[in-house]
Amino acid sequence: MSTKDYLEKDYYKTLGVTKGASADEIKKSYRKLARKYHPDANEGDAKSEARFKEISEAYTVLSDDKRRKEYDEARSLFGGGGVRMPGSGPAGGGYGGGGFDFGDIFSNAGSAGGRLGDLLGGVFGNRPGGTTGTSQARPRRGADVETESSLSFSDAINGTTVSLRLTGEGPCKVCKGTGAKAGTVPRVCPTCEGTGQGSRNLGSFAFSEPCKTCRGRGLVVDDPCDTCAGSGRAMSTRTIQARIPAGVADGQRIKLAGKGAPGERGGPAGDLYVRVHVQPHPHGTFSRSGPNLTITVPVSFAEAALGAEIKVPSHGGLPVSLRIPAGTPNGRTFRVRGKGVRRKDGTAGDLLVTVNVQVPQALDDKARDALQAYRDATAGPALRADLLKNANG
Ligand SMILES: [Zn+2]
Ligand SMILES: [Zn+2]
């Protein structure tokens, strides 16, 4: 018989006795039922045989004072049979068999509980799940979860679907969160009688603090589960697909409703927050400035001085034409409307083009002659005359 058996089976009901039945009443009822369902009296009847096994199992536990006590404790702790949980609110009426989650019980019982710890792929948030601190039998909203995702420059602009591995703490699967080895159950802490609270007296004041014996859990485990070393908690991993909308910016936090930790006992799931990191453009061609894309383009001195129509790349589209007016200084920025990042509502940011006037590094004879002719033609008042004149006050 395992902890699970204890919680899923109502031995009193099986034997047709009340919870307060005396040892004698249990024995009497058992004998009566055992005679009725004994395989010898019901040859070939599988139903009777199963029933006989149930009756025997129930009697094995309830006829043994020590085991009966363990059974009663387990069921009162874990909400079986509608018995009040120690130190908590209303009866655990939500218990109906297979779907019971032991993690719930510990989640409010103290420090070891529902807190979701650090993650490998992110951090589970510690936001209150709506009903924290109240009855454990009620549905509980799952915790919010925060994780991070790195996106390419293009994916951030266009939107993408990413796989996120979320690792979080949950009830240990082996012991179902009880922390006790298979076949055993935790005991109510004798020091705090299950409340998880201890008190310390300082003069005439008494301070409440977590019970030292059970560390606030309300339970002690004599024979710890090998898998979780008695904590009742274990790490588990799940992978989800998350849609990242178009136009997200580096450092932005995206909320994905209902993609957080699953709710408990029918409660809604928490939310998932994904902090995105946007990688630079692979060739450094474009940068982001909110909804705008920025680019720096080289122009020749002649283009800047005389004016020109130049071709500028756009992100994910055909090059666009940009008219540079005559006399454009180095570093001036031009705006190409609608060629930035497309927003959710269909509008788009702009492409901001900054010109970088180039000085030729090598000149052939023809170019040198032309430049010398230009220099001679523009020889007039010296460029730096004012600067030199004003240098000393
Ligand atoms: Zn375990
Ligand atoms: Zn205690």
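When a ligand or atom number is given, it counts from 1 through the structure's own listing order. Fair warning: this is a prediction, and the values are worked out from it, not measured in the lab.
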J.: Please report the closest heavy-atom contact between Asp350 and Arg335, naming both atoms and the distance.
T.: OD2-NH1, 2.7 Å
J.: Rounding to 10°, state the angle centred on the Zn ion (ligand 1) that links SG in Cys228 with SG in Cys225.
T.: 100°
J.: About how large, to 10 degrees, is the angle SG of Cys192, then the Zn ion (ligand 2), then SG of Cys189?
T.: 110°
J.: Within the side chain of Glu25, is there an N or O that forms a donor-acceptor pair under 3.5 Å with the backbone of Ala23?
T.: no
J.: To check your reading of the site, what angle at the Zn ion (ligand 2) do SG of Cys211 and SG of Cys214 form, to 10°?
T.: 100°
J.: Salt bridge between Asp65 and Arg68, side-chain N to carboxylate O under 4.0 Å?
T.: no
J.: Taking the six-membered ring where the residue is Trp, are the ring centres of Tyr30 and Tyr59 under 6.0 Å apart?
T.: yes
